[in-house]
Amino acid sequence: MLARVVSPSTTRSLLTATRRVSTVTMPSNEEEMMPRRPMGGREKEEMERAEEWRRRACLRKPVLQRDLQVAPKVYYAPEWDLAKKANDDEGWANPLKGYGMTPEKWEHYNKVVWPPGYIVPETGLPKNREVFHCRQSIHYSPRRAWYACQLVWRMNVDEALVQLDLQQIKASGILAEVLREAKKRASDEFHIEFPSRMHVAEAFPVQSNIIKGARRHAHEDWNEIRYRYINLYVRLEEGEGPGNKSREKPKDGWEKMEEYYKYLRARQIKNSIG
């Protein structure tokens, strides 16, 4: 029986090819050997929501004015007559009065008409429907009303109403009434099919008027009293909120652990040889 003689160069090439095949076929870790679980519908929705709010957070990054590109006007809005007052009162519009947010300006956003299926160019996502609502001349302190507004900010409307009903302060009752008015307005006036799927995108008070009075004490001691009135602004937006009230999502325990491991591995001994 004849035996085939193999040269040393041929043997070396065969060993090299065998190593390459073993390197490609063998998994590097146990995770690759395990079958991947298909992504469920809930996880897919969470990922889409996180991606949407990640794109919207990019709009907060500062841009130089020379690099800013003005988007073309694709919406319709009634013209704002700057020569007249916003509330149609007589007289000329004084720029030193009525600055900042006013109920007339807030209501003007409801009159803006966007084209159907409009895609926001900055995010590449369809524009969500919004409802702007305001209650005027509420006899309450703006500082105390701010806490109730921060409680329900970026929260679902129904969940916000539940949380406000549990609070035993006057501001929570007032804000709950305003949210119910905005929710009813969304279904009746703006024909939103599911107003319960909206979240509180904005809620803030602005001081409107201060009426000064006087109180008489003994020995003709007169003190000044200030009666503060506020305007309460609410904006409801369709869809779910980001789930956090900060600009960036807070890190969970796993992310903090990875950050701590990264810090430990980056440590160096000062004045060492290596």
Side-chain angles (χ1 to χ4, degrees), residues 56-57 59-60 62 75 77-112 127-157 159-161 163-165 167-186 189-190 192 195 198-213 224-238 241-242 244-247:
R56 295 181 64 170
L59 300 177
R60 295 179 175 269
Y75 58 88
E79 296 296 334
W80 193 282
D81 193 357
L82 299 178
K84 296 182 180 180
K85 292 185 178 181
N87 53 3
D88 297 332
D89 289 345
E90 296 181 358
W92 62 285
N94 189 354
L96 300 179
K97 296 182 179 180
Y99 57 88
M101 183 53 63
T102 60
E104 293 78 18
K105 295 178 184 178
W106 195 251
E107 186 64 28
H108 184 76
Y109 289 114
N110 288 326
K111 303 177 183 178
V112 178
K127 184 175 178 59
N128 298 328
R129 288 182 289 183
E130 301 171 327
V131 176
F132 296 82
H133 183 64
C134 172
R135 179 185 282 193
Q136 306 180 33
S137 300
I138 303 174
H139 185 196
Y140 201 69
S141 171
R143 183 177 298 179
R144 295 179 181 178
W146 180 83
Y147 292 101
C149 294
Q150 289 295 311
L151 174 65
V152 300
W153 180 43
R154 291 185 172 183
M155 191 182 294
N156 183 269
V157 182
E159 179 65 23
L161 292 174
Q163 294 295 331
L164 290 174
D165 291 339
Q167 303 296 323
Q168 301 295 328
I169 57 176
K170 181 180 176 181
S172 300
I174 297 174
L175 184 57
E177 294 177 1
V178 176
L179 288 178
R180 289 189 178 93
E181 293 175 0
K183 185 179 177 181
K184 187 175 184 302
R185 191 177 179 187
E189 183 177 348
F190 297 95
I192 296 178
M198 306 181 75
H199 70 277
V200 184
E202 284 184 89
F204 58 93
V206 175
Q207 185 170 276
S208 59
N209 293 325
I210 299 178
I211 299 178
K212 295 183 180 180
E224 184 183 85
I225 303 177
R226 295 190 177 186
Y227 302 97
R228 299 179 183 272
Y229 291 83
I230 62 173
N231 296 331
L232 196 55
Y233 299 91
V234 169
R235 177 171 70 91
L236 301 184
E237 185 176 341
E238 201 172 22
N244 56 287
K245 296 187 178 182
S246 57
R247 289 193 175 185

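Starting from 1, each residue takes its place in the sequence as its number.
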If I compare all heavy atoms of [X] with all of [Y], which pair ends up nearest, and what's the gap?
X: Leu161; Y: Ala176; answer: CD2-O, 3.6 Å
X: Leu175; Y: Ala148; answer: CD2-O, 3.5 Å
X: Ala186; Y: Val131; answer: CB-CG2, 3.7 Å
X: Ala203; Y: Cys149; answer: O-CB, 3.1 Å
X: Ala160; Y: Leu179; answer: CB-CD1, 4.1 Å
X: Ser172; Y: Gln167; answer: OG-CB, 3.2 Å

- Task: For side-chain hydrogen bond (donor to acceptor under 3.5 Å, both in side chains), just list the numbers for Gln163 and Glu159, CA-CA rounded to whole Å, side-chain angles, deciding distance to a tenth of an Å, and then say yes or no.
- Result: CA-CA 6 Å; Gln163 294 295 331; Glu159 179 65 23; 2.9 Å; yes

[atom1]-[atom2] distance between [X] and [Y], expressed to the nearest 0.5 angstrom:
X: His133; Y: Leu232; atom1: NE2; atom2: CG; answer: 8.5 Å
X: Leu236; Y: Asn156; atom1: CG; atom2: CG; answer: 10.0 Å
X: Arg56; Y: Asn128; atom1: CZ; atom2: CG; answer: 6.0 Å
X: Arg154; Y: Ser246; atom1: CZ; atom2: OG; answer: 7.5 Å
X: Ile210; Y: Arg228; atom1: CD1; atom2: CZ; answer: 4.5 Å
X: Glu238; Y: His199; atom1: CD; atom2: NE2; answer: 10.5 Å

- Would you check if the side chain of Trp153 reaches a backbone N or O of Ala201 as a donor-acceptor pair within less than 3.5 Å? yes

- Query: Would you say Lys245's side chain and Met155's backbone share a donor-acceptor pair under 3.5 angstrom?
  - Reply: no

- Item | Arg235 vs Trp106 side-chain heavy atoms within contact, under 4.5 Å | yes

- Heavy-atom distance under 4.5 Å between the side chains of Pro195 and Arg185, does that happen here? no

- Item | Qualifying residues under salt bridge (charged side-chain N to carboxylate O under 4.0 Å, His left out), relative to Glu177, sequence neighbours excluded | Arg135

- Task: Please determine which of Phe204, Tyr109, Phe132 meets the ring-ring contact (aromatic ring centres under 6.0 Å, His included) test together with Tyr233.
- Result: Phe204

- Query: Could you give all pairs that pass the side chain to side chain donor-acceptor pair (under 3.5 Å) test and reach residues 136-148, with sequence neighbours left out?
  - Reply: none

